[in-house]
Number of protein chains: 4
Amino acid sequence: MKQSTTVPGRPRDPDLSGRILTAALEEYARTGWGSFTMQGVAKRAGVGKSALYLRWSTKEQLLVDSIEAVSLPLTADIDTGHLRSDLTETASGLFRYFLDPIGWASLRIAVDVAVEFAELDPFQERIVEALREAVTVIFTRAIDRGEIPSDRPLRPLVEVLFGAILMHALALPPAERAEAMTNVETHVAPLVDVVYRAATGD
Amino acid sequence: MKQSTTVPGRPRDPDLSGRILTAALEEYARTGWGSFTMQGVAKRAGVGKSALYLRWSTKEQLLVDSIEAVSLPLTADIDTGHLRSDLTETASGLFRYFLDPIGWASLRIAVDVAVEFAELDPFQERIVEALREAVTVIFTRAIDRGEIPSDRPLRPLVEVLFGAILMHALALPPAERAEAMTNVETHVAPLVDVVYRAATGD
Amino acid sequence: MKQSTTVPGRPRDPDLSGRILTAALEEYARTGWGSFTMQGVAKRAGVGKSALYLRWSTKEQLLVDSIEAVSLPLTADIDTGHLRSDLTETASGLFRYFLDPIGWASLRIAVDVAVEFAELDPFQERIVEALREAVTVIFTRAIDRGEIPSDRPLRPLVEVLFGAILMHALALPPAERAEAMTNVETHVAPLVDVVYRAATGD
Amino acid sequence: MKQSTTVPGRPRDPDLSGRILTAALEEYARTGWGSFTMQGVAKRAGVGKSALYLRWSTKEQLLVDSIEAVSLPLTADIDTGHLRSDLTETASGLFRYFLDPIGWASLRIAVDVAVEFAELDPFQERIVEALREAVTVIFTRAIDRGEIPSDRPLRPLVEVLFGAILMHALALPPAERAEAMTNVETHVAPLVDVVYRAATGD
DNA sequence: TATTAAACGAGACGGTACGTCGCGTCTTCTT
DNA sequence: AAGAAGACGCGACGTACCGTCTCGTTTAATA
């Protein structure tokens, strides 16, 4: 009793999508958006352009999908038992992510998407939402533990935490990015302090 | 004894730079980065491409300069006499700026610049620094008034404020941007609350 | 046992070359070399520039190929049974060819080619040789008929005939070209006389 | 009684025209018409573009004038006392002229001029006419000496002589041009033969 | 001697074409 | 039908010259 839902013709090569996504990230990492070309990705993946366009219709969508795979690991559950260390760990992960070219790319695309590609908002939903939820969980647990008042609105706290890290990365002169990578805690601590104080009321 | 420090040849038309910068912003506002072309800017400004390339060698540099003029007004001095209202006003201005396509463009360029164009860091220095300083002044006055402890490190507070607004704008679904423009205070208040609380210790 | 010598990829559109060559001649005829542009040819042919550059890498090569098609008809076999009338007919054809802008173009290109584009000498070989051979045949037949001595070196005679016509066309003031077109025989006769006399020894 | 037709203002530098004409020929000889640019000429002559455009309004006119200076020496009077040697000497001079890039340029320009620049026909008149006249003189003297019949029409003979040399140079493969320069007589003799036979009736 | 007006260098300017490159679509053959 | 290969129409890229135009400076004749 074969439940055959097969379509006629040659089936899609299941490897290809992965190879293309990897190639896309590599191309992007090489010299940035400026030299991120569909032909380049195809050539690096050892694939024809048709294989790309059968799956993604624009460069943006391809890059969004490439980046999603790298982003989602960020949402890994963090639970150290204390709010401050949870925040520190989350913030450190986020900061490291923004220091990495690929992570930075995801930000850049979010920025592009926000104005120009309303139709692409999967990015907003999938990535931003996933991150937001992961942090919300941390605060919820802090409420349960009585570390912060139960009526504290959480969403602003989440935005402030993310925003602080993002802004810090953004304001970081390019020359100092390398150094920051090895001193994540030092960069993150003052910002976590601010958020922690605001959350707990000192 | 004529102290003539003139360069030979016809001098550059002093009007042109302005016309080009304006045209660049208009082109950008029209359909975003994707359709921001040097030829388009030249045509809109009623100018040959040579006039553009004599002054700016890349699209990015041209757009950075275009945006600077629009960004600097943000640094206008704000002094209402109270920290909370100073913060609210600053945050509102910033939020409005990010809701506007031009303001958003500046962010996008900052993001591009941060990784790829180390040589462009005038943007970092000129704009980011100017903004940071403007907000630092606000906190300094609050210290003078005794609203916040004098040993409070200010830089994290500034980054947190900016970041919060930025992140809020970033997380805003495209569809809601129009609405937000008319309800700036509502969006800004919870974030200012967080920062204010962190600054003053409630 | 399929002897498949196919190249991969989409084959070149076999129509295009023809359409482009035609468009090139039309563009050239319109206002001459000065306004013979690749973009103009592409537009007239309803074709992208890529299609041109895939086939010809310089304007000269494109024009040479365009002209070859028009030139070769000149080599049509002429055999009236008498040397003088053979010469007259050949000379008339040549003269008409030089009076036409397209024919004139071929001369101009030959002149360009002769010094600058050694690598283009297909033109020399293909066109000049073809013409020379066609006239040589005429003299050979005249030898067979006993009209001219069998030891007469033919190559100078051919060059003299061609050169005479060419020089006559060249020396013709532009204003008189139109008139000449309707009186070809009158212009040609004295020159043929000279060649005929030199060939036969009166 | 000073017949002063001076205009006010700084008089034109009498050297400049010469320097420009020389520079123009050098530029032309360098890589041909394709890279013959007004700016290049100006730079080579150490002169501003204005000096060029004050004297010549188009590239063609400038090149025509440059060439005229080199061409006119051709018209030097030749009188050896015998038709055949007069013809040989004239033909040799002409052939050498056509083997030289500069001489060849004059031909190319004549070809351009003939169709497109009716207004430029000074070239036709000045150069072609001057040459024609110089050769006509040779034939006239031959008539005086009784070498050729007095009713012989001369103009076709002149055209045939010129044309033969021109055609021979044109048909010469680029690779053989260098060799020809050292064996002018060998190349010229058979063509002179033809013309001489036609003129004298053997 | 001082004035004056053209010549002159330099180079900015609005254009146009260059030859290249990438887009996204298409057409062919192969798997 | 999927897929590799690559032709195709399109249009922007950044460069090079065009011929015109403004500058400041130079140069002789004139006033």
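Lettering of chains follows the sequences in order, A, B, ..., and the numbering in each one begins at 1.
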Enumerate the residue pairs fulfilling salt bridge (Lys or Arg N to Asp or Glu O under 4.0 Å) with a member in residues 27-36 of chain D, sequence neighbours excluded, ordered by first and then second residue.
D:E27-D:R30, D:E27-D:R44

How many Å lie between CG on A:L63 and P on E:dC23, as a whole number?
12 Å

Which heavy atom of D:Y28 sits nearest to which heavy atom of D:W33, and what is that distance?
CE1-N, 3.5 Å

Applying side-chain contact (heavy atoms from CB on, under 4.5 Å), can you list everything that pairs with A:T22, at least two apart in sequence or on another chain?
A:E26

Below 3.5 Å between N/O atoms, which protein atoms pair up with nucleotides 5-7 of chain E? Just atom names and distances, please.
residue	atom	partner	partner atom	Å
E:dA6	N3	D:R10	N	3.4
E:dA7	OP1	D:R12	NE	3.4
E:dA7	O4'	D:R10	O	3.2
E:dA7	N3	D:R10	NH1	3.3

Calculate the interatomic distance between B:K59 atom NZ and F:dG11 atom C1'; express it in whole Å.
12 Å

What's the shortest heavy-atom distance between A:R19 and A:V47, and which atoms?
NH2-CG2, 3.8 Å

C:Y53 atom OH is separated from F:dG11 atom P, nearest whole Å, by 17 Å

Contacts of A:A51 and B:M38 projected onto DNA chain F by closest heavy atom; the upstream (5') one is A:A51

Separation of E:dG14 atom C1' from B:K43 atom NZ, nearest Å, is 12 Å

Separation of F:dG6 P from A:Q39 CD (nearest whole Å):
12 Å

Do B:K49 and F:dG14 have a side chain to base donor-acceptor pair shorter than 3.5 Å?
yes

For the student: nearest non-hydrogen atoms of D:Q61 and D:S57, plus distance
OE1-OG, 2.9 Å

Using whole Å, what does the distance between atom C1' of nucleotide E:dC21 and atom CG of C:L52 come to?
16 Å

Let me know the distance between CG of C:L62 and P of E:dC18, rounded to the nearest Å.
11 Å

What does D:T37 touch in the nucleic acid at a heavy-atom separation under 4.0 angstrom: a base, only the sugar-phosphate, or nothing?
sugar-phosphate

Which residue lies more 5' along DNA chain F, comparing D:F36 with C:G48 via nearest heavy atoms
C:G48

Can you tell which of B:V41, B:L21, B:V64 makes a side chain to side chain contact (heavy atoms under 4.5 Å, CB included) with B:W56?
B:L21

Where do B:T37 and B:K59 come nearest, in terms of heavy atoms and distance?
CA-CD, 4.5 Å

So what does C:G46 touch, heavy atoms closer than 4.0 Å: a base, only the sugar-phosphate, or nothing?
sugar-phosphate

Tell me: CZ of B:R44 to C1' of E:dG14, nearest whole Å?
18 Å

Would the base of F:dG3 count as contacting A:S50 through its side chain, where contact means a donor and an acceptor less than 3.5 Å apart?
no

